[in-house]
Every structure is written in C-alpha cells, then in structure tokens.
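To keep things clear, I will list the structure first and then write my remarks on it.
Letters A, B, ... mirror the listed sequences (proteins, then strands); counts begin at 1.
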Protein chains: 2
Amino acid sequence: MAEKKKRRRGAELEAAILTAAWDQLQAKGYRDLTIEGVAAAAATTKTVLYRRWPDKARLVIAALSKFGEMPSYQGVDTGSLRGDLLDLFGQMAAVLAKLRTGTLRGILADRLDKLDLGQLMGKANTSHTVKELIQPMLDRAAARGEIASADLPERVVTLPGVLLINEVIGQRQLTVDAQVAMIDEILLPVFRSGTVK
Amino acid sequence: MAEKKKRRRGAELEAAILTAAWDQLQAKGYRDLTIEGVAAAAATTKTVLYRRWPDKARLVIAALSKFGEMPSYQGVDTGSLRGDLLDLFGQMAAVLAKLRTGTLRGILADRLDKLDLGQLMGKANTSHTVKELIQPMLDRAAARGEIASADLPERVVTLPGVLLINEVIGQRQLTVDAQVAMIDEILLPVFRSGTVK
DNA sequence: AAATATAAGATACGGCCGTATCTAATTTGA
DNA sequence: TCAAATTAGATACGGCCGTATCTTATATTT
C-alpha cells in the first residue's frame, strides 16, 4: 500500500476544483468563499486555481455554469410583448431563486467594471446579451403593431437588464409583483412611447 | 530640542486624516488607496482610522464630503418637468466630472449593499434620497398638468437614480447626450404614462 | 492638583490576496 | 523509448485587511 502520487490534470482536476467551489458556495456563501479555501477543499493549491481563473468572481461563475443548472434563456413568442417580457422575467427569477442570497450581489460587486448580464446569468457558452434577448421580442411586437418601431435606442433596449440588476442589488426578492411592476410601470410605457433611435 | 510628544486629537486629528485621504485619492485613485497608506500619510496608525470609519468606502466618502466641493442639489423650478430633470442631471454630471475615473465605481462596488445615492453624491449631512429630489418635480409637473398624477410608484420615482448609477457603472461619461437620452427616451415616457401607484 | 476617563499610538496577530520560484509528475512526440 | 515540454504541487513572499491588546498622552472631573 504505497502512497500513490497520482496527479490529476486538465479536465479531471478542473472538475474537482469546480466541485469544491460549488460546495463552498453552498456552505459558506459567496462572501466567505476564498480561493485558498477552495484550493484546500479540492486538495490542491491556489497556484493551480490562479492558472485557470483570474479571480474569485470568475471562478464562481465557472462553477455556476457547470453546476448551477442555469438554463439558457429562450425568447418564447407568447403572442404579446407583455407576455414575452413576463416570460423572460419569470425565467430570470427562477434562476435567481436558485442562488444563495448575496451571491449575485457579490459577483456584481467584484465585477462592476465588466457587466455582462448574459455571461452572468446564462451559461457561459451561450452568453446572451440583454439586447439579443430583447430585440427579437421588439421585432415581433412591431410586426404585430403593438409598438410603432422596433428600432429603439440602445439605452432603451438594455433597460430590462438594468432594472433587473437594480432589483437584485436592492436585495429585494424578484417577486412576481416586482416583475409585473417593472414591465407595466416602466418597460411597456417606454417601448410604446416609440421614441426612435 | 526635546522631541515634542504632542498628540493630535478629535477634530484636528480627523482633519489631518481626511486631508491625507483626499491626497491619496488624487494621487493613486480609489482602487490603490489603502487604509494603511492613509494612516501612514497622516502620521498615525490604522487603529485610529478604524475607530472612526468602518471601511475604505466610508473613509473616502467622508473625505469627499469635506473636500470634494459637492454641492447639495437644488430642485430648481425651471417651468417644465423636462427642464427640471435636465437641470438635475446637469448638476449630477458636474459633480461626477470632478471625481477621478473609477472612484465612484469603486465606492459603489464596495457598498453595493447599502446604496444611498444621496449620501453618495451629496454632502453627507444633507443626504437627499433620490425620491426627495424627484418627488417635488413630479408634484410641480402634476400641478402644471404635464402629467396626470404625481402619485407614482416607488420604482418609477427612483428610476432616475437607477439610470444615473447605471450610466456611471458603465464607465461611460455622463455626457449631455446621455442625459438628454435618458430623460427623453425613458423618464418622460414613464412619468407621462401615468401608471398610478 | 490629583484621580479618573478618554482616546492616540504602537505593536502584533491571523487571514487572504496575488505573484514568483522551484520540484517533480505526467504527457507529448521525435 | 527516451528526451522535451507541460503543468501540478509546494513553498515563500510582500501587501493589506480588520481585530485585539497594551502603553501613555491628554482631557475631564472632583
């Protein structure tokens, strides 16, 4: 029974690390998760982690992508712009509900410079941007005659993402009421106002 | 020529620390400013700083309040809602222009949990909340008949602050174009839509 | 003026970050 | 098969955080 000095490498090692990261995230939450802690839990050293991910936020995002069961969003055609938006927000809320409180806020805080809602909330590989999700809805709405034009300004198209992020930051729950309110009080009025690009 | 063991205390000491913090902020920027560095620059120790401010963000906010020449915002009656908003945004932009790039973003990142635009952007003592700034404008607009009701939902009233913060986070400059766009494309349509609380 | 309370200053600690450097295991490919 | 290239793993470093503890100067109170 000699000690095996087997070394994990590549994908095997990476999977072990991400598993450890995921466990730590569940156990201690984002704030108290440390790179060194994950390394120790994965029975390796932080040097190895830093070779793969530049910081805690990116490590956790990788773990979320692998184990978080984050669906890639589908822009479903529900027949109305309001329905489409409600559906999208509902899907977002479902994802958020799976995250420990503070996880998203922590990641956001650490990544304030390079916000990318898609990469943050979708699978890393399918990274939708907010615009990619919203624009098709607007196109359909314009085709239906619900809104005057689908050619809206950048700031308007990305507004749903802004509202969503703000809601999360405000540590409020993303309740159904909040979703409805954002859509009826803000988004629909803006989209319908038809201020064109 | 005996060494004087004079100790600064209270306000005198505090002023010296905040001066040092302000200098460091100018010299190194928010990210590279450290509590220990400020303590050293002020010829004291971090123990003293921690007795007064709980973290870097709060220390810097205190320094900004003292030396940043941040005006407390005035809700000027320009005669129209659009004018009022433009005026407010213009004042905000002027304040932001005085800050080194990244300062506000850094503070935001460190304080994501307790966002308070007023305390952040106004003098600490006059801490306006967004609502306190916007509501009077809405009241006047309703009186003029520009909007149907001034009794708008919380989320709508605080929307200007959200847009502003988002603009800052996006490391974009708060240009006049951006101000106009936010107001014409988003805020006025929402306020005018008259969705009541 | 002496006793007491307060707060500054000095020092040390454990924790984590992010980097650098060295070694040795494992894979690669000539 | 054996040398070369990778890369895991170990270790150490300086930097900063935030806290605790102790001393001593200064202010307050009696």
Side-chain angles (χ1 to χ4, degrees), chain A residues 2-21 23-25 27-63 102-103 106-107 109-114, chain B residues 2-21 23-25 27-63 102-103 106-107 109-114:
Chain A
E3 296 293 327
K4 305 198 76 170
K5 294 192 179 180
K6 188 145 175 266
R7 277 188 185 176
R8 295 160 300 181
R9 285 204 154 205
E12 184 194 356
L13 178 58
E14 190 158 315
I17 293 168
L18 290 179
T19 301
D23 291 345
Q24 295 280 303
L25 190 62
K28 329 174 63 160
Y30 183 83
R31 198 194 49 195
D32 295 333
L33 175 149
T34 69
I35 303 262
E36 287 188 330
V38 171
T44 180
T45 57
K46 60 179 173 176
T47 321
V48 176
L49 302 217
Y50 278 112
R51 277 184 198 124
R52 289 178 160 75
W53 304 278
D55 52 45
K56 174 164 117 172
R58 250 72 73 86
L59 168 62
V60 170
I61 288 172
T103 295
I107 295 176
D110 285 349
R111 305 230 44 204
L112 256 198
D113 40 354
K114 295 178 184 173
Chain B
E3 296 293 326
K4 305 199 73 171
K5 295 191 178 180
K6 188 144 176 270
R7 278 187 187 178
R8 294 160 300 181
R9 285 202 155 208
E12 183 194 355
L13 178 59
E14 191 158 315
I17 294 169
L18 290 179
T19 301
D23 292 345
Q24 295 280 305
L25 190 62
K28 329 173 62 161
Y30 183 82
R31 197 194 49 194
D32 295 333
L33 174 150
T34 68
I35 303 262
E36 286 187 331
V38 171
T44 180
T45 55
K46 60 178 172 176
T47 322
V48 176
L49 301 217
Y50 278 112
R51 277 184 196 123
R52 290 177 160 77
W53 304 278
D55 52 44
K56 174 164 117 173
R58 251 73 72 87
L59 168 62
V60 170
I61 289 171
T103 295
I107 295 176
D110 286 349
R111 306 230 46 207
L112 255 198
D113 41 354
K114 294 178 184 175

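Heavy atoms from other residues, nucleotides or ligands lying under 6.0 Å from CZ of A:Arg31 number 12 at most.
For D:dA8, one of the phosphate oxygens OP1 or OP2 lies less than 4.0 angstrom from a side-chain nitrogen or oxygen of A:Arg52.
For B:Asp55, the side chain to side chain contact (heavy atoms under 4.5 Å, CB included) partners two or more places apart in sequence, or in a different chain, are B:Ala57, B:Arg58.
Judged by atom type and distance alone, B:Arg7 reaches the base of D:dT24 through a side-chain donor-acceptor pair under 3.5 Å. Taking 3.5 Å as the limit, the base of C:dT6 and the side chain of B:Arg9 contain a donor-acceptor pair of atoms between them.
The shortest non-hydrogen separation linking B:Leu49 to B:Ile35 is CD1-O, 3.8 Å. The minimum heavy-atom distance linking B:Ala39 with B:Thr45 is given by the pair CB-C, 3.5 Å. Among all heavy-atom pairs drawn from A:Tyr30 and A:Thr103, the shortest one is CB-CA, 3.8 Å. Residues B:Leu33 and B:Leu25 approach most closely at CD1-N, 3.7 Å, considering heavy atoms. In this structure, B:Ala42 and B:Ala16 approach most closely via the heavy-atom pair CB-O, 4.0 Å.
The CD atom of B:Glu12 sits 11 Å away from the P atom of D:dT26 (whole-angstrom rounding). With rounding to whole Å, B:Glu14 atom CD is found 13 Å from C:dA7 atom C1'.
Among A:Arg51, A:Arg52, A:Arg8, the one residue that satisfies the salt bridge (charged side-chain N to carboxylate O under 4.0 Å, His left out) test with A:Glu14 is A:Arg52.
Proximity note for B:Arg8 (side chain, C-beta onward) versus D:dA8, C:dG9, C:dT26: the nearest is C:dG9.
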TODO: Take nucleotides 10-18 of chain C nucleotide by nucleotide from the 5' end and write B, S or -, depending on whether a protein heavy atom sits under 4.0 Å from the base, only from the sugar-phosphate, or from neither.
DONE: BB----BBB
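Across the helix from C:dA1-D:dT30 to C:dA30-D:dT1, the helix axis at one end is tilted relative to the axis at the other end by 10° (nearest 10 degrees, each axis from five pairs).
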